[in-house]
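Notes to accompany the following structure.
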Amino acid sequence: MIRSIEKQRNILDFTLSSLWRRWGKNLALVVVYTLVVFSLGSVMFFTQALKNEAAIILRGTPEIIVQKLVAGRHELIPVAYAQKISAIRGVEAVKDRLWGYYFDPVGQANYTLMVPEAIDLNDNEIVVGAGISRVRRVFRGNAMVLRTFDGRPVNLFVKGILSPESELLSSDLMLISATGFRRLFGVSQNDATDLTVKVLNKKEIPTIAAKIVDTLPDTRAITRDEILRTYDAVFDWRGGIMIAILAGAVLAFLIFAWDKAAGLSAEEKREIGILKAIGWETTDVLQMKFWEGMVVSLSSFFLGVILAYFHIFYASATLFEPVLKGWSTLYPDFRLTPFISGYQIAILFFFTVIPYTVATIIPAWRAATIDPDVVMRF
Amino acid sequence: MRKSDGFWLFIGSGMLLLAAILIQAHFVARADLPLLRQKAAVVKNLGLTDLCLSTEARYTRHLSQSDWHAAFQSHPLALDHFPSGSVFAPPGTLKKSHD
């Protein structure tokens, strides 16, 4: 047993020296490998953290949201629809919601304007999200000029700033009074953006949602479960374009790894030839190749995972920001809660180390069965 | 020190660091729970429906509220008008409507 361990240590010593002799080539491989693990790990950590965070904080969303559709587009809903919905058995309360978007030419940003139920605001008062405050440099007591639907300027005074901790929810939010909202967008008293429905028995939510659509065929009902499922599906790392792009990167890496392992240089071939000539068995060369793979893949795996963790949870996923930010100037500054598990690490290991090992098995076997006589003649 | 000892030291440190990350993440997630509950309260009080991840397009700002988005609407090569639209999958409510 001890002899066997000592033998492996000797082979590992030799492998490390051999890798060090070609340090430039091997360093390039480790860098590319680390980048692949880093990208996959970053996507996995980011999506999982968002998914878990959404599942916890979106539990308080309205039970059912009823929206009117005209030609496949969301339209303002008549407030009178609320009475028809209230008449459905099992409905506890129906409330109208006023919300919409405002493009601010000064900040070159889109804001989400909303009328809150819980906050009392005067007609010329607003509460803004931390993102708006940052982009427009407005603070408590400052005034913001917005233009109404017919081009008239309206002075709105900032009553408060929403807490920066909730930026992931409220960065672009501007809370305004119902009168202020209707004046700004020209929405009549008879209309609302959508309706929220509260149900007596939570188990009946899908049934009541179906009844609402049945009663009002020009509407659609979005249930709380559907909202939660949306975030569950959107941030599923196994789906979406992200994984398609990453699959391409992993495949390219496998080709690179195969090529690196298959295309033995004349020096490497001579080295194996000499080793076999001085008495190394094929199994010894295979073990050397195994340790070579282990050194490269384990080093890259640890480096990649650790870098991905710091990128997502301590550098605010800086590399993903340009994609999510897109053309917008207002982007939330948020810190994600690190929801990571051993399962994720195991999956990451399976998707990076195993394919590399498989891709290098055949080239390693070919190298191990090389004929010393043929190689040493060159 | 032998080279192999150095390697095992490196791998051992890597494993320890990974274990430390998992433990630290567990405790940070636990410590963040009150903050997450506070955010859930904001959602409930204001009647919010979505996370503010992207503000460039309404269908990526309010993912769960998006309506049918017409593909190729600007020009034949514009698969999606906005960069963020290419990374988010369409919500289940829309997919269900097409079934």
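All values derive from a computational prediction rather than experimental measurement. Here is the naming used below: chain letters follow the sequence lines, and residue numbers restart at 1 for every chain. We use all heavy atoms of the structure for the numbers below, so side chains are in, but hydrogens, waters and symmetry mates are not.
- Of all non-hydrogen atoms in A:L169 and B:R61, the two that sit nearest each other are O-NH2, 3.6 Å.
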Report all side-chain donor-acceptor pairs from residues 6-13 of chain B shorter than 3.5 Å, counting only partners two or more places apart or in another chain.
unit_1: B:S13; atom_1: OG; unit_2: B:L9; atom_2: O; d: 2.5

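- Nearest approach of A:P332 to B:C52, heavy atoms of both residues: CG-O, 2.8 Å.
- The candidate from A:N110, A:L168, A:I56, A:T196 with the greatest count of non-hydrogen atom pairs under 4.5 Å with chain B is A:L168.
- A:L228 does not touch chain B: none of its heavy atoms, backbone or side chain, sits under 4.5 Å away.
- Note: A:S17 leads A:A109, A:S17, A:S170, A:S166 in heavy-atom pairs under 4.5 Å with chain B.
- Within the 4.5 angstrom heavy-atom criterion, no atom of A:I11 approaches chain B.
- One distance of note links NE2 of A:H74 with CD of B:Q65; it measures 7.5 Å at 0.5 Å rounding.
- Between A:E53 and B:R37 no salt bridge is recorded (no basic side-chain N to carboxylate O distance below 4.0 Å).
- Your options are A:G342, A:A54, A:A118, A:S299, and the one with the most heavy-atom pairs under 4.5 Å with chain B is A:S299.
- A:R9 touches chain B through backbone and side chain together, each having a heavy atom under 4.5 Å away.
- Separating the OG1 atom in A:T15 from the NZ atom in B:K3 is a distance of 11.0 Å, to the nearest 0.5 Å.
- Across every non-hydrogen atom of A:I227 and B:T49, the tightest pair is CG2-O, 3.4 Å.
- Contact annotation for B:L36: both backbone and side-chain heavy atoms come within less than 4.5 Å of a heavy atom of chain A.
- Nearest approach of B:L46 to A:P116, heavy atoms of both residues: CD2-CB, 3.7 Å.
- For the atom pair CD of B:Q24 and CD1 of A:I340, the computed distance is 8.5 Å after rounding to the nearest 0.5 Å.
- Of the possible donor and acceptor atoms, one in the side chain of A:Y231 sits under 3.5 Å from a partner among the backbone N and O of B:L51.
- Here CZ of A:F302 is found 10.5 Å from CD1 of B:I21. Values are rounded to the nearest 0.5 Å.
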Step by step, would you call A:I57 with B:V42 a side chain to side chain contact (heavy atoms under 4.5 Å, CB included)?
CA-CA 9 Å; A:I57 61 183; B:V42 171; over 6 Å; no
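- Side-chain contact between A:N10 and B:R2: present, with at least one pair of heavy atoms (C-beta onward) separated by less than 4.5 Å.
- Across A:E117, A:E165, A:Q8, the residue that shares the most heavy-atom pairs under 4.5 angstrom with chain B is A:E165.
- With ring centers used as reference points, A:Y101 lies under 6.0 Å from B:H62.
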Please assess A:Y331 against B:T55 for the test side chain to side chain contact (heavy atoms under 4.5 Å, CB included), listing each intermediate value before the final yes or no.
CA-CA 7 Å; A:Y331 185 71; B:T55 60; 6.0 Å; no
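- Both the backbone and the side chain of A:V295 come within contact range of chain B, judged by heavy atoms closer than 4.5 Å.
- Among the candidates A:L330, A:T337, A:D13, the residue making the largest number of heavy-atom pairs closer than 4.5 Å to chain B is A:D13.
- In this structure, CZ on A:F349 lies 10.5 Å from CG on B:L18, to the nearest 0.5 angstrom.
- Of the two parts of A:W20, neither the backbone nor the side chain holds a non-hydrogen atom closer than 4.5 Å to a non-hydrogen atom of chain B.
- Counting heavy-atom neighbours within 6.0 Å of A:F103 CZ, excluding the residue itself, gives a total above 12.
- With rounding to the nearest 0.5 Å, the separation of OG in B:S4 from CD1 in A:I5 is 12.0 Å.
- At least one side-chain heavy atom of B:L53 sits less than 4.5 Å from a side-chain heavy atom of A:L50.
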Could you go step by step and tell me if B:V43 and A:L58 meet the side chain to side chain contact (heavy atoms under 4.5 Å, CB included) rule?
CA-CA 7 Å; B:V43 167; A:L58 293 179; 4.3 Å; yes
